[in-house]
Every structure is written in C-alpha cells, then in structure tokens.
Amino acid sequence: MFDRLSFPQPWLSLILFLIWQILSDGVSGGSVVVGLILAWLIPQITHGFWPERPAFVKVWRMPAYILRVLKDIVIASFSVAWLILTPRNPRPAFISYPLRLDHPLAISILASTISLTPGTVSADVSDDNKTLLIHALDATNDQEVIDAIYNSYEKPLMEMFQ
Amino acid sequence: MSPLAEYAISALLVFGGAFTLIGAIGLARLPDFYTRLHGPTKATTVGVGAIMLSSVIYFSAIGEGVGISEILITVFLLMTAPVSANMLAKAAMHIGVKTVEDTEGKPWEQ
Amino acid sequence: MELLFAIAIGALTTSGVYLLLRARTFPVVMGLTLLSYGVNLFLFASGRLATGQQPVIGTTASYSDPLPQALVLTAIVIGFAMTAFLVVLSLRNLADNENDHVDGRREATTAASKVEQEVSSK
Amino acid sequence: MSLPLVVLLPFLGAIAAPLFAQGGRTAIAIASSVPALIALAALFPHWSVLSAGGTVLHTYEWLPVLGLSFSFRLDGLALLFALLILVIGLLVIIYSHYYLKASENVAKFYSLLLCFKGSMLGIVLSGNLLLMLIFWELTSLTSFLLISFWTHKQDARRGARMALAITGGGGLALLGGILLIGNIVGSFELDDVLAAGDQIKAHALYPVALTLVLLGAFTKSAQFPFHFWLPHAMQAPTPISAYLHSATMVKAGIFLMARLYPALAGTEQWFYMVSFTGMATLLLGAYIAMFKHDLKGLLAYSTVSHLGLITLLLGMGTQLAAVAAIFHVINHATFKASLFMAAGIIDHETGTRDMRRINGLWRYMPHTATLAMVAASSMAGVPLLNGFLSKEMFFAESLQLNLPGLWAWIPPIVATLAGIFAVAYSARFVHDVFFNGKPVDLPKFPPHEPPRYMKFPVEILVFACIMVGVFPTVSVGPLLYSAASATLGGDVPDYQLAILHGFNLPLLMSFLAFFGGLLMYTQRQRFFDFHAQLKEVDGKAVFEFAVSKIEDMARSFTKWLENGSLQRYAMLLVVSVIAVTIMPLAEHGFFIGENGLSPVDWPTGIAAGVLIIAALATALWHRERFYALVLLSVVGLIVALAFARFSAPDLAMTQLSVEVVTIVLLMLALYYMPSWTPMESSRSRRVRDVLIALAAGAGMTLITLAMLTQPFSSISEFFLENSKPGGGGTNVVNVILVDFRGFDTLGEITVLAIAALGIYAMLKNTALTPPPGDGLGHAWTRDHYPLMLRQIARPMLPLALMVSAYIFLRGHNLPGGGFIAGLITSVALILQYIASGMVWTEDRIPFRYHNVIGLGLLFATIAGAGSLAFGYPFLTTTFGYITWPVVGKFEVASALVFDLGVYLAVIGATLLALVSIGRLSPHSAIKSKMEGA
Amino acid sequence: MTHWLIAPILIPLLGGILQVFMGYAPIGLRRTLAIATTVLMLVSAVVLLALASDGSYRVYAFGNWQPPFGIVLVLDRLAALMLVLTAVLGLFCHIYASGGADEGNRQFHTLFLFQLMGLNIAFLTGDLFNLFVAFEVLLIASYGLLMHGGGTSRTVPGLHYVVLNLAGSALFLISVGMIYSVTGTLNMADLAVKIPQVTGSNLNLVKAGGMMLLVVFALKAAILPLCFWLPKAYARATAPVAALFAVMTKVGIYAIVRIYPLIFGDDAGELANLGMDWLFPLALVTLSMGVIGALGADNLKTLVAWQVIISVGTLLAPIALGSEAGLSAALFYLVSTTWTVAALFLVAELVASQRGTAADKIITAPKMHHRTFLSVLFLIGAVAASGLPPLSGFFGKLLILKSVEPSAEMAWLWGVLLVGGFLTLIAYSRAGSIVFWWNVDGHLETPEPMNNRVAVSTGILTCLTMLIVVLAGPLSDFTRATAEQLHNNQDYINILQTPMHVPQNPLVGEIN
Amino acid sequence: MIVIALYLSIAMVTVAALLNVYRLIKGPDEPDRVLAIDTLYINAIALIILLGITLGTRMYLESALLIAVMGFVSTVAMAKYLKRGSVIE
Ligand code: NA
Ligand code: NA
C-alpha cells in the first residue's frame, strides 16, 4: 500500500494539497506539512480506484471550459426560471445525442455539463457509450440542440481528451 | 464592512433565495417528472451557489478569514447534481414514469 | 420555541410508538428510528435550547451545555449500531421464516397477497 | 461429637457404599451395616444420662444470622426413634440383601437407603428446628428416589412424584410454621422452643403456626386427607416400604407432634385439629384396608389407620394418651415392618401380591406363615402380643375424653369400629393368604420357603412383638418411660404396662372388636358387594387430575399471556411506561416552568412543521415502505438542522452522516423485503395503537415542555472551564468525548464493533433470494454500475478522504472529530460500492474490516492505557505544543490517538455491516477478500 | 488509587480485541487465549473482592477527572460480589463453550469477552450515563451471542429481545435526560446529593424519570408484565449463552439495588423509596407467573427459563420491602440462583444432546446415554432451584422468608414463596421423572459424544451450590455487610470528596 | 440592508423547502419523491449557510459541506434502489 515515496497521481496530489490549504484557512507551516502528507497519503490509498488514467493532454484548456460552463449555468438558470414562471407549458423532448467522445470521463463531463446548462438534462448513456439520451425542457428542434451541445462543449472536450 | 460588500452580499442573498425558490416552484408545478428534473439541477444549484458566495464575501468582510469551504461545497454540488439527475432519470425511465403527452421522443426503455 | 420543540418530540414519539406496535419488521425498525430521533432531541434538550451558543471555546460569549451534546453523540452512534443489528436480524428473520412478520408467522398467502394487490393497483 | 457422628455416619456410608459395589452384594450389605452398628455403639454411652431424665446436647455454630446451628440433642424420645431407625434399618439391610435381584443397582439402593437413614436420624436428633427441617425435606427427597427405585415402572414414578409433592409440600408448610415459631420465640433451638410453650400458645400467630406445623406432620404421616400418597408409595421395593412407610418416615410426622408436644399441645385448636384428623384417618384407613386385594395395599391402608390412631392419641392431649401413642409407635413399627417383610417374601416366592390368587400358602411355607400370623395377630390386637397392649391403652383413653353430651360417645365407637375393621383385615391377611383353598395361577409355582436368613429380620421383629406383649415392663419399660418423659416435658403420669388390666370397659371393647372383626370377615362378601357399589374416590386420581389440570391451566395461561406476539410485549412496555410516568406527573399537574416560553422564529416554525408532518406521514404511509423511507430521511434531515439551529454543530454533522448510512442500510434490507406492508391489524387494534401512541406522544410533549422551561444549572461549567487548559481543545463536546468522558466513547465504539461483528456472523450463512423486480412488476435493470456515477465516485473518494482528514484534525478545537470523519470516509467508500460494486471495490481495499475494527479498538485502548505507565489513571490525556523551526507551532494531543481509534473503529464497523448485507446479493456472490470467515 | 479497578474491564477488552484479529487462528489457540482471559478476569475479580471486603469505597477516576465531572468506577462490596459471581459463571460457561458450542462463528469468543466486559462495567460504574453505555455493550454482545449457533428457532425470540431492548434503551435515555435536566449531573454520588434537594415542580420530572428508569431496569430484570420476551429467547439460545444470560436479568436487579437505595433512598425526602410500593406486588406476581410458566413448560430449557423469572420475583420482593435484612437475603439468593440456573441450562443442553430428536422435551424417549451423571446433576440443580434443603437455594429462600417482619407483606411473601416453591417442586419432579426415568424401548440415533470440558464445567457449576452451603456463613456475613454498606449511602456520597491523584491534569505541557 | 436581504432569502428558501415537501408528499412517482428530497437537501445547505450568516459564525459550514456529500450519496442510493433494488451488489 504505502510501498513507495511517490505521487502516483500528481494532479490529484496537487489538487488535494491546494484544497487542504483552502480548508485550513490560509497557508501556514502546519498546513503545508499536513497538506504534503495528505497529498502523498490519499493517492496512495485511492490510486487503485482509477483503473483507466484520464489522459489530460491539454489540461490548460480546462479553466476556460469551466468558466464557460459557469457562465452558461447562470444563463441556464434564467432561462429555466423563465420557463418555470411563465404560465405556458413547455414542450419537452427526449433527444438522442450521438457521442463522438469515447473516454468515459470525458463522456461523464459532457453529460454533466449538459445537465447543468440551458434546458437539458442527461438522462442516460447507452450501453455502448455511443449515444447520450437528453431530456430537453423546451425543444423545438432536436438538431439545433445537438449542434449547440457539440459546438459549445463536446468539441472543446474532444480537444482536451485526445 | 464596505458598502460595496454589503450590496454584493444582499444582492447575492436575494438572488440565491429567489433562484432556490424558482427551482422549487418548478419542482412543484412542472407537468411531469422529467421536466421537474430541470429545476433542482439548475435553478437550485445556482441559487445555493449564490448564497454561498454571499457567505464567502460576508465572512471575509467581517474579518473571519477567507471562507473558502463554501466554494468546496459549491464544487461538490456542481459535480454531483448532474449525476443525481442522471440517476433519477434512469430510475424514472426504468420504472416507466409517464411523460407529458406532448413530449417528443421517448425514453429508451419504454 | 419550547412548545414547538416539545410538540416535535411528541410527534416523533407518537409515530415511533405507533410503528413500533406494527406487525412487520420494517415498520418496527422505522418506528425505532423515529423514536430514537425523538429521544436524541429530548436528551439534547435536557441541556436547554440555545441559539448560536455552540460550545466551542472562544467563538461566542456564552455556551450551551456541552454535556448533553456529547451524550447525544454517543447515543446516536450506539443507536445506529443497534439499528443496523436489528435490520440485519430482520433479514435473518425473513430468510428463516419466508416473511417479515415480527413473530415469524408464515404468510397467510391469500389474504396478504390480496391486500398487496390492492396497494399496488392503487 | 458422638451425636453429629451418628447422623453423619450413614451419609459417609452412602458415599462409601458404591465403592464396595465391586466386592459384590455381600460386601456392600456389610459395609452398609457398619454405620448403624457404630451409631448404636455411639448412642449406648448416653443412656445413663437419659435414664436419669437428662438430655445430651452438642451444638456447633453454623449460620447465626439464620438462627441455624448444628445442634444435636438426644433425649428419650430421640433415642427411641433413633433405635427404631437404626435397628429396623439394620434388619432391612439384611432383608434387602436377599430381596434384591443380582441385576439391580445394589450400590444405588444402599446408598440411597443410607442417605435416608441419615436424614431420618437427623430429624430425630436435631436440636434446632431449622436443622430438623433440612433433614425433614431430605427424607422427602431420598424417599422420592427410593420409591422410584424401579424407574421403569410408571406407577413407581408416579407414586414417587406424588409422595414428594405431598410430603415436600408439607415440608414447606412446616418451614413456615417453624419460622413463625422461631419468630415468636426468638430462637430455633429446641430447648428454647420447648421451654416457651406458653409464650407460643398465647401468641396471636399461634393458630397459623400450629396449622402450618400440623400440615407438615399430617402430610408426612399420611393423615386424612393427605393419606393417599402412602399406598401409592408402596410401588417401592418392599424393604423400602417396610422401612420408610411403616417404621420410620411416616413416623416422622408423629415424631414431630410428639417433639413439639410441650410447645404446641394442650390447646383446643390442637385437640380438635389433631384428634379429629387422627380419628378420620384411623377409620378410613381401617375401612379401606379390608377391601384391598393387594397384600401391600392392605398393609399400607392398615398403616394409614394406625398412624391415625397414634395421631388421635396425641391429639387427645392427655398425658396417658401421649404415653400410649409413644408405645404404639414402637409396637406398630415392629409388627408392621415384619408384616411388610413377610409380604415381600410372599411376593418374592409367588411372583404376585394379589390375594385373590395367593391361597393356601401354609402348605408351601409354614415357617413364614407362622411368623406372619403372629405379626398379624399383633396388628389385630390379640392379647399377649404388643399390639394388644397399646390398643387397650387407646381404648381406655378413648373413654376418657371430655366431650359434651352425645359427642362423648363418638371416640369409643370410632375406636371400636376401627378395631373391628382391624381384626377383619388382619383375619383376611391370615386366612386369605395361608388358607382359603389352593393358589390360583401363580406366576411362580410352587412357592417355597425363602433363603434362611431372609426370614431372620422377620423373626427378630416377631420375637420383639411377643417379648413386648408378654414382658412389657422388662423389654420396653425404661425406654418408653424415658421417651414419654421427654415427650411430656418431664411429667410422666402413672401408668402400668401389664398384660391385662382386669376386666373393664376397654377389654370389652377389645372383645367386641375381635369377634366383630371375625364376624365381619366371615360375612366379607356382603361388605365387598356393598363396597363395590360405592364409587371409590381415589386420592391419587384426584391428585393426579388436579396436578394435570394445574399443568394444563398453567400451559394455556402461559400460552395466552406469553403468546409470542411482539406487538403485545411492546404494547405492555409502552403502556407500563405511560402508566408509571403519568402518575407522578398527574400528581402535581402538568406545568410550564418558571422560565416560560420563548418566541418562535418562523423559519424554525416551518422546519418544525415539516418535521411533524414528515414524522406523522411516515407512520401514516408506513405500508408503502420506500415512501416511508423517504419521509424518514426528511425527518432525519430536519433533526440535523435542529441540532445546528440550537447550537450543536457536532451533533448536526453526526446526525447527517448516521442518517445517510441508516437509509442506505434500510434500502439494502428493503431489497429483500416486500415493498409493501400488508394490512394485517384490525381496525380496533389500529385505533388502540393510535391511542397508545398519542398518549406516549402527549406525555413526551408535556415532559419536554416542563423540562425546557425550568431553570437549570449543571456540572458543565467545569467542562467549559477546563476544556482548553485541561483537555487541550476548544471544542468542548469533542473534549468531553475523548477526554472527560472518554470511557463512554470507548464503550460506544465497542458497541459499534460488536454490532458489526455480530452482523457479519449472523449473515454469513444466511441465504436470501431477492425478488426479481420491484413490487410494481418491473424487472431490475441490467445496468449495475452507471457510467456517470462511476466516474464521479472516483474523484469523490480522495476529496472525501481529504474532508475526513480535515474534520478529524480540527475536531479537538472545532466541530468535527473521529466519529464524523470516520462516517465521511465510510460513506465515501460506500459510494464506491454503490457505483462500482462489491468485487471491484474490495479488490481495491487492501485490508479486512475486521482488522480495521480491531485496530481502532486497540488504538483507543492503547491511547487510554498509555497513562498507566506514568501512574495516572486509564484515559488520562496529555497534550503539548511543539514548535518546529520552519513549520511553526503544532499541537500534539494524545487524545488524537484515541480519536484515531474511534475513526478506524467507525470505518471498520460501518463498512463491515453494510458490506455484509451487500454480499447477500447474488450478483456479488463471487469470491472476495472477506470470504472464508 | 489502585489500578486493579479497571482490570476486570481492560482484561476482557484486550482479550476481545486480540480475538478480533485472530479470526483465522486455529480454534484451539483462540480457545486457550479466550479462557486464559476469563481466568485472568476471575483473578482480578477475586483481588477486588479482597479489596472490597474491608468495607471501604474505592474510586477510579478515568482521565484523572474528579467526580462528579469525569466518569468514575466505584468498587464496593456489591460490585465486587457481582464481579466474582459473573467471572465464575463466565469461566465455566466459557469452558463449556470451548467444548464445541463456540464453533460456527469465529467471533464467538470476542462477543463472549465483550459481554463480560459490559457486565463488569455495569457493576463498577458510578455514572448513570456510563451505566447506559455498559448496558448497550452487554446488550449488543448478547444479541450477537443469542443469534450464535445457527438454526432458525432463535431468530424470532432474538428479534423480540432486540426490539424490546432497543425500546428500553430509548427509555433509559429519556430517563437520563429527565434526571439530568433537573440535577445537571450524571454521577451517582452527586445525584444522591442533588436529588434530595429537588423541590417544587422539578420533583415531577425527577419522579417521572425515576419511575421510567425503574421500568427500564424492570425490563432488563424481566419483571411482569415485561418478562415475556425472556423464556423463548433464553430457551432457544445456545447453552453456554443461556447460562451466561442467567446473570443478565441480575444486571437489572443490580441496577435497582445500586441506584434506588442510593439515589431514592430513605434520605431522598419526597422521593424516598420511589417506586418500591409498585415493585413489591409486581415481584410477587412475577414470581407467580414464573411458577405458572414452569408448570406449563414442555421442555427443560423453557422450564429453566421460567426459573429465571421465578428468581427475579424472589429477588425483587425482599428488595422492594427495603430492609437491610431483605437486601442481604436477596443478595445471598442472587449468588445461588444465578449459578444454579446457569448450571441447569447447561444440564438441559447436555440432556438434549443425548436424547436424539426428543432433545430436552418433556416427553418419553429411549434411555439416554450418561443418564446417571445427567440425572444427578439435574437433581442437584432442581433441588437448589426449587429451594429444597440442603442446597443453597433453600438457604437463600430461608433468609428471605426470615427477613420480613410479621405484616401483611409477610403473609403475601411467605404465601407466594412457599406455594411457589411447592409448585416448582412439582414441575421439576414431573420433568425429571419423565425425562430421566420414563424410557421407552428403542434406540436413539447416535447421540453426540460428551466431551470432558463440557461435562466437567457443567458438573462444577452445578456443584457450586454445595460450595455456597459450605460457605454459607461467610457469604451471608458478606451479603449482610453489603446490605449495610448499601443502606448507608453517606459513605458513597463521600467519594465525591476523594482527593484526586493530582488536582489538575498533570501531564499537560510536558512535551513542550 | 443585509438583514432585510437575509430575511428575504431565508423566507424564499423556506418556502422553497415547503414546496419541495409538497412535491415529496404528492409524488406521484417514487423518483419525484427522491428528487424532492434531493432538492430539500440542497435547500438545507442554503438554510445552514444563512443560519451561519445570521449568527455571524462559521461553525456550521462543515454541516453544510456534509449535507452536500451525504445528500448526494443518499439520492444516488435511492435512485439505484429504484432501478436495481440492490444498492450494493
Ligand atoms: Na387368597
Ligand atoms: Na485529561
């Protein structure tokens, strides 16, 4: 278990270290020491749980993606709020979205993004990971939704996970 | 506390509360399960996120340190809300929860 | 506030006791869980109610009674252990008697399944 | 020392007897005789004291708090009985030697016989009433074992049980009586009790004490209406009948009445209770004896009758009657024991005891016949034999009773009537057995005389009958005088032991009895016909009916109350609580305390409303189980919020974590269970339960209300003051948990650990078939481990571990600690199980949960025990601040190690419990690390 | 302060932890270590008995926190007596179990040792909430033990036992809450100081709390109407477990004896002798119910299980009357009846193992193996249990009978006790004569062999009743002194004045 | 001003919680109920944060953090129960 003095998942270790500094309410000598210990120890315990290493080739694209998603989330909320508050009934639809991504984590991130953004919820991933079932709250045109998702999210993700 | 902080905090509080409420209204009045699923995943998450942000600002402003635990909570929520929604949608489709009549398309399992 | 708190405990007790008196293990387990919620609140309340006086030294001017809190914490964990055991014992009962009656009675098949159908067709 | 030795010897012999079993029957018989011989020798030297009217007393302290001492006391009465016990005991041992078959368990027989003898000697030699009672009950026990010696015989077993029930039960009554006497006198020492006769008789509780003592005596001596056990005890081997049921045990009751004569006799109660019981027994026994076709049956009822006679004599209350009673004890013992032995010989030689088949034995065994005829004559009261003498005294005394008016006639008439019956059954014993034509269809034919020395004991006893009958003064005079003197407490009346007292009314009664009896016997067929018309009330049948009735009633009563219904037991518990709690509350009225009510803020109000609604809804919709579960988790959530709202952050966190684990646990179980609870309770039952539940709820509400509004102060000031300086932490709740009350916490994690281990063991061999789909008819999906869940679960694990570490480390100073951290880690791991399955997850967990539990407990214990090394008590903590060059100031607290133990124990226990249930699922029935235990 | 006081807790705790790790060790090793642990525990109990017999109180303050603030263990005669009683019982049950009854669950010894630990904590603790924790420890272990050994017959009684005890635990907590809410303390000595000072409407709360607590103890002790969970649960448990459980009801009685004379004793003003007027009639009814149950029992174990209830009634009646003599008598009887009932459970199990399908049912069967041995043991047990001389049960009952002064209570107590004894005698004689003597022809299917450990432990436990008779003098002296000590609660209260080792936490800052 | 905003916010979140309870009780399907309680968990987070602001203490933040973690696991378990029956397999 603790067979080596290494960081099997350096990214994870880094994130954990940073989170520890956040949790400890500021950087201090103590928090650095404990943070280092945890950044080493926790991945030692958990690395077995990551059978397929995520291939973050272009991690630097991640912050931009996240910011974009956050922005969309806020917008999404307004549009959903509008739908909820207006008396007319929305026109919901189930849409099958053809996936181009094949990495499970990437699919998962995409599905999450879809759920968090305007009017769509990822309802299911097909058994062969090729299709995503999306429930749209108010869809007039399926293809529009598919195109929007592809352009806004799947393409950036594909760039990241190559 | 600076007036700016005060405005920000107040605005965020009201915004957060409003969106939480809107999410709940959606849950209460949208016509079927699948449409109701949208409320919590978006409006409520955003609402709570806003309230949390106001908390961060508030505690920084009153000199209680930079409260970033709230950010962690928000990250957790953002990470988990889609999965919850996904799991519930799967469950609903499995059970065969009915959609409103004018829904286009069908869940796979029906 | 006190009245509200008391009524809440009363409601938990009422539901808990009613479920405790049911004939199937599952409601009984739920009854005991509700009862223990009520009991924990009660034991907690034996130190009286206070707002924003968490017994963490230096965080407020005055503190609520920490002792009942420690007792309730112990009680919660013990209650969990006991509930877990009971749940598993119920499973064992189910395995041994082919139904989950608290007295291990064999199902009076016709009557019970009829009722079940009534429920499911509702 | 010699007196305790006399009692002790037979018991030693009883232990030793089996050791001689190897040496054969003769060896064991000889070995069994030795104690009696030594005992006789030990008693002999005391005669000089006794003949001078003295007593010998040996006392050793035992249990002063009870008033119980090893007190042994020998006086004339005790000596008389001791001699009977020892001498007849010896004869019975000789007789048994020939009587028992080689195949029988001789060692057990002698052993029990010696035990009985020791107990009997204990009764008569006890100088302390409680000690006497101990021996008294011992005779009941040993006789129980002896009667059922032939355990294969159902009648023997039943007879034994009945004898035990009656005499043992009587013994308990006697115990009550003795305790009352002891209470009155202030001592259980016989000397004190005998000296306090007047005090006892004057006491208000005298009638109760007397009744209880007499119950003991009457049951033991087979007095009406308890007489019925005796004939059925005759299922015992004949030597036992001869010894226990004629000579000794049944005389214990007589002995008791004689023993306590100075203390209890001489009152009207005594007179009426004892004499009328005796009279009834006398007549009834004599009457029934005539109709018994079983030889031993005849003798048994005759014994009952004679016991009645002696009792009647004791009951009369006159001194002469008491002397006659003692005299008859001797006489009856000799002739009846010899008759039993003769009957045993006949049984032994013919194979039956049925007098309808045994006829004309005179031709086959004249020697035995002669002996039996002499003994029977003594029983009938033929002159020149000992039975005649005491019977004459009895007749004489029956005339002396001062009863008013016509009542005065009753005793002599009863006496004469009993005499007539006695002659009749004696005549039957002689004529029907030894004459009266030829034997009919005997199992053993032809019968012949028994072995020479089997008759020897009979000869001795018959010789004694004659000797006493002809030379009463010489043979028994001194012994009788000494015994009578002891019985009466010194004042022995003038009496004469002559063969004949001249021609007087008693003699006339004797003549009447003799010829009347013969006449009755010749006319026996008429009486048999008459008796046959009567519906015989068999005491045994009544007893057994009563006992089996009692047992049946007990069984149905028990089944009715203890009906196996948890609902009833739980209801009883709840109702009991309501009952005992409401009383003190109602006494002072319900109240709101001095502090009064504080205002409600409406968010709290709404939350409480939701809690109340959810709680009631859980009960209302409990039959839809999943729904109820969801409602339950709402309740749990709001309880957690309530803790946060009322200043208990630690509790809020604990409640939240525990609640989620509980819900997962319930769902794990619900998988195998029906999704709906069937409607089973009747409407009235539900209404009843609702009322009970409402009462309980109302009670709790009122109590809570009263409690919350009372002013209050507690020891917690100390915790608040000492938490930081003494415990090294600012989170007082945590410091209480790991320090001030760390021992509670140690117990609590032990509970958690045991629960998990118990769950694991309980489920290990449990097979459950899950339903193929939910209750609505949907098959389960094949999608075991959804992709999104799997993907999110993985980053959740390190994050949650980080949060755990955070919560754990800050716990001493801020809300958190080992418990909560442990639960977070557990939940994070559970999430892995949910997302990716048992096998996958366990492959990645490199430890056994058992060991995690053990390690947790070990850490906590070691952390607690560390202080022992410094001489401080268990669980004494220490802490300090270490300043490292770069890092800065660090707090190090030994309580943290303890909390680490808590953390590990929580993880191990929670996961072991949940995973054990998960493993039941057929899908996970694949080999994993946990298998095998 | 002597550290011996924690020995009876730490020894089984460490032994139990060791067993947790040794799940896969050979069973022989596990047994040896487990029994060695029990022996050590017995040794420590005997040491404590020797310490306690000087009549003083010894206090052990966990964490070096002075009472009433920290949790304390308090050793007095009563605690020492219960410890030795339990340790002896535990040892023989454990030896019996190691004859094979411990198989089938690798954690049997763990549960067994934790059970003993829970009992010992209960007997030693001087803290009301810690008593709750002790109860939970011993209960959860008992749940596990009750379910030990497989088979479906014990599931339902086990379920009932668990559910009722969970409800009981809830009540315990409520009572603690009510008492704490008025007195603000949990230490028993401190409660004894504070409760007499309670006035006004607070009396209500304390009274209700005290009564509720009594119900909790009554449930553990199995007093009517809260006794019906017991017979089936005990009758169906594995023999050594049932035998160990003989002491479980006594824990309820112990708690009553420990708490009520101390806290609600004669000095408690308006709260003096709280609940005792309820307890006396209930004790007698319980006794009667036990006798009725015994009469109606259709197997030996059920018979013995009802005997447990008879004992409870017999014990509580004199306790409820509140005299020193009665308490002393009850304690004497408690020792006797606990061991006797335990021995009878073991005998019943051995009988069952020798009679094929007839098991321990009170029905005829072919002659069993080892009949003489077993029948003698049963006889001894039955005589002791039904209170016949010359065995210890008799002396216990005699002391109880003698402890009451002439009064209406005396009439009731005597009547019920004597008649009850008579009917018990009938029940035992019927059962024994049918089971041992009434043999039908035929052969038993191969009976289980009886190994030495099982036979010897049963034999010795059975014969302890004789040892009690031999030691009746010293034992009754001890129980009398114990009763005296319990009735003089001022000395107990004085433990609050015990000076601590060092008044403040001494190691603080040492690392600095 | 903060006080008013706080008051408004609390009011809206509380009403939101009530609406969730309404959905929870109304159903009509089990997923609706689980969705309702999931939302209720999130509302509870908001309430605790608001409580913290009201009291001016951060003592309760970790409770909110825990609700986030625990509420998710609870929802996931319930959802899995609804479609698989077996939560851990
Ligand atoms: Na004849
Ligand atoms: Na300390």
Side-chain angles (χ1 to χ4, degrees), chain C residues 1-4 6-15 17-21 23-24 26-27 30 34 37 42 45 48-50 52-58 63-67 69-70 72-74 76-78 80-81 83-85 87-88 91-92 94-95 100 102-103 112 115-116 119-120, chain D residues 564-567 570-571 574 597-598 600 608 611-612 615-616 618-619 622 625 632 639 646-649 651 654 658 665 669 673 676-680 689 693-694 696-697 700-701 704-705 708-709 712 714 716 719-720 723-724 730-733 736-737 744 748 751-752 755 759 762 766 768 913:
Chain C
M1 198 65 92
E2 287 77 10
L3 182 62
L4 195 64
I7 292 173
I9 288 178
L12 287 169
T13 310
T14 305
S15 295
V17 168
Y18 181 76
L19 290 177
L20 175 66
L21 298 175
R24 298 283 165 153
F26 199 79
M30 287 202 298
L34 281 176
Y37 288 158
F42 180 83
R48 308 302 188 262
L49 303 178
Q53 300 179 22
Q54 59 282 350
V56 178
I57 303 297
Y63 306 104
S64 65
D65 191 339
L67 186 53
Q69 295 192 16
V72 172
L73 215 152
T74 304
I76 289 176
V77 177
I78 287 178
F80 165 66
T83 308
F85 194 91
V87 168
V88 171
L91 281 179
R92 180 64 180 269
L94 183 69
D100 64 340
V102 285
D103 303 331
V115 175
E116 207 157 288
V119 174
S120 49
Chain D
S565 162
L566 177 63
Q567 288 173 280
M571 182 273 288
V574 176
L597 298 174
S598 55
V600 183
L611 174 85
I612 292 164
L616 296 177
T618 311
H622 77 269
R625 292 181 172 178
L632 187 69
V639 169
F646 296 108
S647 315
L651 281 183
T654 312
V658 167
L665 186 81
M673 292 184 167
W676 285 277
T677 303
M679 176 90 82
E680 276 167 327
D689 291 347
L694 281 173
M700 279 303 287
T701 304
T704 313
L705 192 58
L708 283 175
T709 49
F712 172 67
S714 79
S716 292
F719 301 133
L720 293 168
S723 178
K724 181 74 178 155
T730 52
N731 180 3
V732 187
V733 174
I736 291 176
L737 286 172
D744 274 349
E748 162 195 352
V751 169
L752 204 51
I759 285 170
M762 193 160 38
T766 300
L768 272 167

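Chain A is the first sequence line, chain B the second, and so forth, proteins listed ahead of strands; every chain is numbered from 1.
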Completion exercise
Taken to the nearest 0.5 Å, the spacing of C/Arg48 CZ from D/Thr709 OG1 works out to 8.0 Å
Handout entry: C/Leu20 and D/Val574: CA distance, side-chain angles, deciding distance, side chain to side chain contact (heavy atoms under 4.5 Å, CB included) verdict
Key = CA-CA 10 Å; C/Leu20 175 66; D/Val574 176; 4.2 Å; yes
Fill in the blank from the handout: Pair count under 4.5 Å, heavy atoms only, with chain C: among D/Lys724, D/Met673, D/Met571, highest is D/Met673
Handout entry: Shortest non-hydrogen contact from D/Leu632 toward C/Tyr37
Key = O-CE1, 4.1 Å
Practice task
Give the member of C/Gln53, C/Met1, C/Gln54, C/Met30 that has the highest number of heavy-atom pairs under 4.5 Å with chain D.
Solution key: C/Met1
Practice task
Taking atom types as modelled, find out whether C/Thr74 and D/Glu748 have a side-chain donor-acceptor pair closer than 3.5 angstrom.
Solution key: yes
Fill in the blank from the handout: Looking only at D/Ser598, D/Ala615, D/Ala669, most heavy-atom pairs under 4.5 Å shared with chain C are made by D/Ser598
Handout entry: Residue pair C/Leu21 / D/Gln567, side-chain heavy-atom distance below 4.5 Å
Key = no
Problem - Heavy-atom side-chain proximity of D/Leu611 to C/Leu12 below 4.5 angstrom - result: yes
Problem - Contact winner vs chain D - C/Ala81, C/Pro66, C/Ala11, C/Gly10, heavy-atom pairs under 4.5 Å - result: C/Pro66
Completion exercise
Counting heavy-atom pairs under 4.5 Å with chain C, the top scorer among D/Ala755, D/Ser647, D/Gly697 is D/Ser647
Exercise for the section: Check for a donor-acceptor pair, side chain of C/Arg92 on one end and backbone N or O of D/Met762 on the other, with a separation under 3.5 Å. Expected result: yes
Practice task
Please report the closest heavy-atom contact between D/Leu737 and C/Ala70, naming both atoms and the distance.
Solution key: CD2-O, 3.7 Å
Problem - Interatomic distance, D/Leu752 atom CG to C/Phe85 atom CZ [nearest 0.5 angstrom] - result: 13.0 Å
Problem - chain D contacts, top residue of C/Asp65, C/Val87, C/Val102 (heavy-atom pairs, under 4.5 Å) - result: C/Asp65
Practice task
Return the option, out of C/Asp103, C/Val17, C/Ile78, with the maximum number of heavy-atom pairs under 4.5 Å with chain D.
Solution key: C/Asp103
Exercise for the section: Identify which of C/Leu3, C/Val72, C/Leu73, C/Thr13 forms the greatest number of heavy-atom pairs closer than 4.5 Å to chain D. Expected result: C/Leu73
Problem - Separation of D/Ser716 OG from C/Gln69 CD (nearest 0.5 Å) - result: 9.5 Å
Problem - pair D/Leu720-C/Ile57: side-chain heavy atoms closer than 4.5 Å - result: yes
Exercise for the section: Using a 4.5 Å cut-off on heavy atoms from C-beta on, say whether the side chain of C/Tyr63 contacts that of D/Val732. Expected result: no
Exercise for the section: Could you check which of C/Ser64, C/Ala45, C/Gly58 has the highest count of heavy-atom pairs closer than 4.5 Å to chain D? Expected result: C/Ala45
Handout entry: Proximal component of D/Phe719, with respect to chain C [non-hydrogen, under 4.5 Å]
Key = side chain
Problem - Separation of D/Leu768 CG from C/Leu91 CG (nearest 0.5 Å) - result: 6.0 Å
Practice task
Please name the pair of heavy atoms, one in C/Pro27 and one in D/Thr677, separated by the smallest distance, quoted to 0.1 Å.
Solution key: CG-OG1, 3.9 Å
Practice task
Give, as side chain, backbone, both or neither, the part of C/Leu19 having an atom under 4.5 angstrom from any heavy atom of chain D.
Solution key: side chain
Problem - CG-CG distance between D/Leu708 and C/Leu49, expressed to the nearest 0.5 angstrom - result: 4.5 Å
Practice task
Name all residues meeting the salt bridge (Lys or Arg N to Asp or Glu O under 4.0 Å) criterion together with D/Asp744; count only those two or more places apart in sequence or in a different chain, and write none if there are none.
Solution key: D/Arg741
Practice task
Determine whether D/Pro678 and C/Arg24 make a side-chain contact, defined as any pair of heavy atoms from C-beta on separated by less than 4.5 Å.
Solution key: yes
Practice task
Decide yes or no for D/Thr618 and C/Leu34: does some side-chain heavy atom of the first lie under 4.5 Å from some side-chain heavy atom of the second?
Solution key: yes
